[in-house]
Amino acid sequence: MKRERLETTVLKILRIAGFVFFIAVVAFPFYWMIISSFKSLEEILLHPANLGLNIRQIDFHAYYEVLFEHGFARYIVNSVYVSVTTVLLSLVLATMGAYAVTRLRFRGRRLMSYSVLVIYMFPAIVLVIPLYVVFSKMGLRDSLHVLILVYLAQTLPVALYMLRSYFQNLPVEVEYAGLTDGCTRFGVIWRIVIPLSSPALASVALYTFMIAWNEFLFAFMFLDTPEKFTLSRGVVQLSESVHLSKQLVMAASVMVTIPILILFRFFEKHLVRGLTAGAIKG
């Protein structure tokens with residue numbers, strides 16, 4: 001009984017310590033970012049240690065100024081275009097590729113299956129300079145479509161690996177039944193494989209969107225025209241141009257963060273099922 005009581009006490013202490021650590025490391029910076037975005041510059045400079053927020057003093061001017069005076073409305077459109085296009089291309093190509101290495105038999109299939117992650121092992125900082133030189137000489141550097149191509153090369157290997165692991169656990173008999181009933185391979189993929197793989201596809205879509213939405217290094221190196229900036233590139237541009245207007249930078253950071261949080265909340269169940277799929281066979 002004493003040992004059981006001791007273990008229970010220790011678990012309670014660890015749980016409280018973990019909660020406090022989460023608040024200090026994750027929740028508090030996000031809270032400070034939000035309340036700073038609703039304060040005026042005068043309030044931030046005069047009372048920097050004030051962590052409270054008076055409802056009567058809430059100021060939405062920072063969001064209006066960031067959206068319409070600093071071009072963030074355009075940056076949001078660019079980020080949505082880049083992210084959604086990257087997600088769609090990744091899903092289509094990863095689904096076809098993962099199905100091919102899982103169901104079809106061809107020479108080099110196993111080598112392709114296990115070497116697809118080799119590209120992902122190279123850090124971005126190693127690839128950015130060669131890609132910068134190549135795209136500059138080709139005259140393609142300052143383009144959102146080049147950015148989509150780079151993001152696709154980043155996300156496609158992991159998307160292939162995730163879907164391959166999921167497809168291996170789908171019942172082959174259902175696909176054989178579809179082929180027997182007259183479906184083509186593409187018909188089987190569209191009518192059987194994709195509906196059964198919705199958790200894995202949701203996980204891949206969320207992962208790809210998160211990478212494309214938050215990525216900064218390639219956007220910083222490849223984009224020069226302000227009208228083509230993505231959100232992450234725009235935040236850096238804003239912080240360089242308005243050194244004292246911290247509430248503007250905080251408002252822009254909230255705009256970058258909120259969509260990802262909403263997507264995580266919406267796809268939470270699918271994300272957990274997709275990430276754990278393939279962990280247990282049978």
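What you see below is based on every heavy atom in this structure, not just the backbone, and it leaves out hydrogens, waters and symmetry mates.
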Worked check of side-chain hydrogen bond (donor to acceptor under 3.5 Å, both in side chains) between Thr102 and Arg164:
CA-CA 6 Å; Thr102 304; Arg164 182 184 69 88; over 6 Å; no
Under 3.5 Å, is there a donor-acceptor pair between the side chain of Trp213 and the main chain of Val256?
yes
Spacing of His61 atom NE2 and Gln247 atom CD [to the nearest 0.5 Å]
8.0 Å
Solution key, residues 179-194 side-chain donor-acceptor pairs under 3.5 Å, sequence neighbours excluded:
residue : atom : partner : partner atom : Å
Thr180  : OG1  : Tyr176  : O            : 2.7
Thr184  : OG1  : Gly187  : N            : 3.1
Arg185  : NH1  : Tyr99   : OH           : 2.7

Separation of Ser232 OG from Glu215 CD (nearest 0.5 Å):
6.5 Å
Do the side-chain N and O atoms of Asp142 and Thr225 include a donor-acceptor pair separated by under 3.5 angstrom?
yes
Whether the Ser37 and Tyr63 side chains hold a donor-acceptor pair (N or O, under 3.5 Å, no angle test) is what I'd like checked.
yes
Is a side-chain N or O of Asn78 found less than 3.5 angstrom from the main chain of Leu144, in a donor-acceptor match?
no
Separation between CD of Gln237 and CZ of Phe72, rounded to the nearest 0.5 Å
9.0 Å
Does Phe216 have more than 12 heavy atoms from other residues, nucleotides or ligands lying within 6.0 Å of its CZ?
yes
Check: Ile148 and Tyr81 side chains under 4.5 Å, non-hydrogen atoms
yes
Determine whether a donor-acceptor pair (N or O, by modelled atom type, separation under 3.5 Å) exists between the side chain of Arg103 and the backbone of Phe167.
yes
With no hydrogens and no angle check, is any side-chain donor or acceptor of Ser90 less than 3.5 Å from a backbone partner on Leu152?
no
Would you say the side chain of Leu140 lies within less than 4.5 Å of the side chain of Val134, judging by non-hydrogen atoms?
no
To the closest 0.5 Å, what do you measure between CE (Met250) and CD1 (Ile35)?
11.0 Å
Does Phe68 offer a backbone N or O that forms a donor-acceptor pair with the side chain of Glu65 under 3.5 Å?
no
Return the CG to CD distance between Leu217 and Gln154, rounded to the nearest 0.5 Å.
8.5 Å
N/O donor-acceptor pair under 3.5 Å between Glu173 side chain and Ala177 backbone
no
I'd like to check Ile129 versus Met221 (side-chain heavy atoms, cut-off strictly below 4.5 Å). Are they in contact?
yes
Rounded to the nearest 0.5 angstrom, the CD1-OG distance for Ile258 and Ser253 is 11.0 Å
Count the heavy atoms belonging to other residues, nucleotides or ligands that lie under 6.0 Å from CZ of Phe19, then report whether that count exceeds 12.
no
Worked verdict on Lys228 versus Phe222 for side-chain contact (heavy atoms from CB on, under 4.5 Å)
CA-CA 10 Å; Lys228 298 179 181 179; Phe222 293 165; over 6 Å; no
Flag the pair Glu69 / Tyr64 as yes when at least one side-chain heavy-atom distance between them is below 4.5 Å, and no otherwise.
yes
